[in-house]
Amino acid sequence: MPALPHLVPRPASMTVTGPGGWHLTPTTPLRLEPGLEPVAELLRELLDQPLPRATADTPGALTLRTEPALAPEAYRIEVTPAGATVTAAGPGGHRIAAQTLRQLLDEGRPDGRGGVSVPCVDIADAPRFGWRGLLIDVARHFFPIEFLHKLVDLAALHRLNVLHLHLTDDQGWRMEIEKYPRLTEVGAWRAETLVGRYTFQDDPDAVFDGTPHGGYYTKAELRALVAHAASRGITVVPEIDLPGHMRAAIASYPELGNDLEPARPVCTTWGITEQILNVEESTLQFCRDVLTEVLEVFPGPYVHLGGDEVPKREWRQSPRVQQRMRELGLPSESALAAWFTRQLAEFLTARGRRPIGWDELLEDGLPAGTTLMSWRDEEGGAQAARLGHDVVMTPHQLLYFTVYQADPDRVEQPLAVAEVLTAADVYAYRPVPPGLPPNAAAHILGAQGCLWTELMPTARQVEYMAFPRLCALAEVLWGTAGDYPEFTFRLTKHLRRLTRLNVTPGPLPPTRPSVAPGPGRPCPRQGPVGQSGPNREG
């Protein structure tokens, strides 16, 4: 009997049913039920076959069936010499099945005439988690829109279903906002970029590259990206990070700041800056205006409001902010931060969207109905889940792909944050913390890997840092992670598949984890031991 195909992530159930195979050729017909025409187009693209529409019960056909009783992302694939049948509840499951068929095709034997013999298998599959995500930070380094399309394709190949776009930060504003053109005329560009790892602001020893950097995405480009992602079953979640991490916006419109010092340009260093939004009604209206245009472009249910790393020195020192706190009857700057976020969370909720933010919101006061993204450790997520909030796990110790993939003293690698996180470490992670009661565990939606790009100036380097760690995370989130050596056996062939897709992966992982999973691992820093940290991006 032939060996099992080398699929990543591994399906929940897969059986080789015979020594023969189904022959897929340029004349293989496609039979499908009404409503599945978009899936047919996706299959033609992924399988690189014309798949003409069948007009009758043709032998050897590829058949798409619907079975409403299946879960939305569940599917079945049955391959016999007589044909292949894919069954799912609707387009969602069929899109995921198309990615599995694509990998099965890689396992086939070309016949030299444009056809491929696909192994006979039965697959019954469904994901463990509903949020299987990847964050890409386009604020620190801007990447062409074509690369984001490629990243969507790679996420879909691994059966992920969320792309989180970190669109704004101190170092750049990347989304066109028609009502505020200076956000991209000014805020999308910085004069130069820090060379090397994290350093303090105004550090006299800092070295810069002297090269202007920037760019932004038009609303038309982002709409096309959203449509491309939707065709592959991926939701794009936009993030407008506020009230901190807004120096690019304040550089564009100084009236948004607290007017305690001369306006500063778009930030050229990494880390946390002190400049944050003021809390005037005019500034809240600016945020609502921005979010209104965001909602026009991104139709998905979630909008990320950030809410992390808000230094409150300016609020403490600003007479006007202190007066505003008295007007609102707020006892502290922390309560003010909670109030600020709540205004915008309610704005989104009133428009049928779901706000999501980083775990600092739990300290300041998490607005009702807000989903928490737990990055500093798992405990914040566990606490939020116990309180009845939905949670996406992103603990930096195991899901920030900004650190080295192997010991840099043994393997030559591009500059990264000075810690080591292997694919084995990622593979050992489980998103539901042990001991969480079942009613709270039900609020853990899943997890996502994060690519913060301070030290990733090129698309190639992003790919290098993402893979193979993202392959490991995909299998964890699909719910089939088990024997790590067996995974690496499949991964070796899968990395060759990625290479054929013009992807540059990082080094092959060792056979066992280098760190123990869990919240006790030290935080990776943006510089050598002893420098100030951590921050969310590392």
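The residues of the chain are indexed from 1 along the displayed sequence. Since this is a predicted model, take the numbers as computed values, not measurements.
- The shortest side-chain heavy-atom distance between T268 and L194 does not fall under the 4.5 Å cut-off.
- Checked against the 6.0 Å centroid criterion, the rings of H213 and H141 qualify as a close aromatic pair.
- Between L165 and L148 there is a side-chain heavy-atom pair separated by less than 4.5 Å.
- For the 3.5 Å distance criterion, the side chains of T273 and D170 qualify, holding a donor opposite an acceptor.
- A salt bridge is absent between R159 and E475; no separation between the charged side-chain nitrogens and carboxylate oxygens falls under 4.0 Å.
- Look at E378 and R430 and you find no salt bridge, because none of the NZ, NE, NH1 or NH2 atoms lies under 4.0 Å from a carboxylate O.
- Minimum interatomic distance between A89 and A71 (heavy atoms only, all atoms of both residues): CB-O, 3.9 Å.
- Here the side chains of H304 and H166 are not in contact, with every heavy-atom distance at 4.5 Å or above.
- Taking both residues in full, the closest heavy atoms of H494 and C471 are given as CD2-SG, 3.8 Å, listed atom of the first, atom of the second, then distance.
- Judged by distance alone, the side chains of Y302 and R354 do bring a donor and an acceptor atom under 3.5 Å apart.
- A donor-acceptor contact shorter than 3.5 Å links the side chain of T168 to the backbone of D241.
- To the nearest 0.5 Å, the span separating CG on L101 from CG on L43 amounts to 6.5 Å.
- Ion pair E379/R386 flagged as a salt bridge, since at least one NZ, NE, NH1 or NH2 atom sits closer than 4.0 Å to an Asp/Glu carboxylate oxygen.
- Of all the heavy atoms in L477 and P431, the pair that sits closest is CD2-CG, 3.9 Å.
- Heavy atoms only, all atoms of each residue included: V417 and L455 are closest at N-CD1, 3.7 Å.
- With hydrogens and angles disregarded, no donor-acceptor distance shorter than 3.5 Å links the side chain of T15 to the backbone of T17.
- In summary, K150 and D153 do not engage in a salt bridge, as defined by a charged side-chain N under 4.0 Å from a carboxylate O.
- Nearest heavy-atom pair across W270 and G196 is NE1-O, 3.8 Å.
- Residue V266 comes nearest to A248 through the heavy atom pair CG2-CA, 4.2 Å, listed as atom of the first residue, atom of the second, then distance.
- Distance check: T100 OG1 to L157 CG gives 9.0 Å after rounding to the nearest 0.5 Å.
- A 4.5 Å side-chain heavy-atom check between L151 and L134 finds at least one atom pair inside the cut-off.
- Remark: I96 CD1 to Q99 CD distance equals 9.0 Å, nearest 0.5 Å.
- F298 contributes atom CZ, which lies 10.5 Å from atom CZ of R353 (distance to the nearest 0.5 angstrom).
- Judged by distance alone, the side chain of R490 and the main-chain N or O of L7 form a donor-acceptor pair under 3.5 Å.
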Between M14 and D122, does a side chain to side chain contact (heavy atoms under 4.5 Å, CB included) hold up when you go through it step by step?
CA-CA 6 Å; M14 178 169 58; D122 278 354; over 6 Å; no
Could you walk me through whether R232 and E45 pass the salt bridge (Lys or Arg N to Asp or Glu O under 4.0 Å) check?
CA-CA 11 Å; R232 282 142 172 77; E45 177 184 345; 2.4 Å; yes
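- Atom OH of Y216 sits in a sparse spot, with 12 or fewer heavy atoms from other residues, nucleotides or ligands closer than 6.0 Å.
- Taken to the nearest 0.5 Å, the CD atom of E239 stands 9.0 Å off from the NE2 atom of H245.
- Salt bridge R76/D125: absent, no basic N to carboxylate O contact under 4.0 Å.
- Side-chain contact check for T488 versus L508: every heavy-atom pair is 4.5 Å or farther apart.
- Between Y427 and F487, the ring planes lie parallel to each other; the angle is under 30°, not in the 30° to 60° tilted range.
- Contact of the Y429 side chain with the L399 side chain is registered, since non-hydrogen atoms from C-beta on lie closer than 4.5 Å.
- Checked by atom type and distance alone, the side chain of W173 pairs as donor or acceptor with a backbone atom of M175 at under 3.5 Å.
- A 6.0 Å sphere centred on CZ of R500 holds more than 12 heavy atoms belonging to other residues, nucleotides or ligands.
- When each of V138, T402, I136 is tested with L451 by the rule side chain to side chain contact (heavy atoms under 4.5 Å, CB included), just one qualifies, namely I136.
- A donor-acceptor pair is defined here as one N or O able to donate and one able to accept, closer than 3.5 Å; such a pair exists between the side chain of D137 and the backbone of T453.
- No more than 12 heavy atoms of other residues, nucleotides or ligands shown are found within 6.0 angstrom of CG on D48.
- For N502 and R460, the side-chain atoms include at least one donor-acceptor pair closer than 3.5 Å.
- Salt-bridge formation is detected for the pair E107/K493: a Lys NZ or Arg NE/NH1/NH2 atom is positioned less than 4.0 Å from an Asp or Glu carboxylate oxygen.
- Using a 4.5 Å heavy-atom threshold, the side chains of P395 and D377 count as separate.
- The backbone N or O of Q171 lies less than 3.5 Å from no partner atom in the side chain of D169, so there is not a single donor-acceptor pair.
- A donor-acceptor contact shorter than 3.5 Å links the side chain of N161 to the backbone of G130.
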Assess whether side chain to side chain contact (heavy atoms under 4.5 Å, CB included) is satisfied between Q397 and E419, documenting all intermediate values.
CA-CA 10 Å; Q397 298 93 341; E419 295 285 341; over 6 Å; no
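- R140 contributes atom CZ, which lies 9.0 Å from atom SG of C267 (distance to the nearest 0.5 angstrom).
- Y400 and W375 have parallel rings, their planes meeting at less than 30° on a 0 to 90° scale where 60° marks the start of perpendicular.
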Could you tabulate the donor-acceptor pairs under 3.5 Å formed by side-chain atoms of residues 363-371, not counting sequence neighbours?
from : atom 1 : to   : atom 2 : distance (Å)
E363 : OE2    : R376 : NH1    : 2.9
E363 : OE2    : R376 : NH2    : 2.7
D364 : OD1    : S334 : OG     : 2.5
T370 : OG1    : P367 : O      : 3.1

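- Taking the six-membered ring for Trp and thresholds of 30 and 60 degrees, Y217 and F142 have ring planes inclined between 30 and 60 degrees apart.
- Between Y75 and W478, the ring-plane angle classifies as tilted under the 30° and 60° cut-offs.
- Side-chain contact check for F129 versus V476: every heavy-atom pair is 4.5 Å or farther apart.
- Remark: side-chain polar atoms of E309 are not paired, donor with acceptor, to backbone N or O of E360 under 3.5 angstrom.
- In this structure, the side chain of Q405 engages the main chain of F467 through a donor-acceptor pair within 3.5 Å.
- Using a distance-only test at 3.5 Å, with no hydrogens or angles considered, no donor-acceptor pair links the side chain of E78 to the main chain of V121.
- At a threshold of 4.0 Å, the pair R132-E73 counts as salt-bridged, since one of the basic side-chain nitrogens sits closer than that to a carboxylate oxygen.
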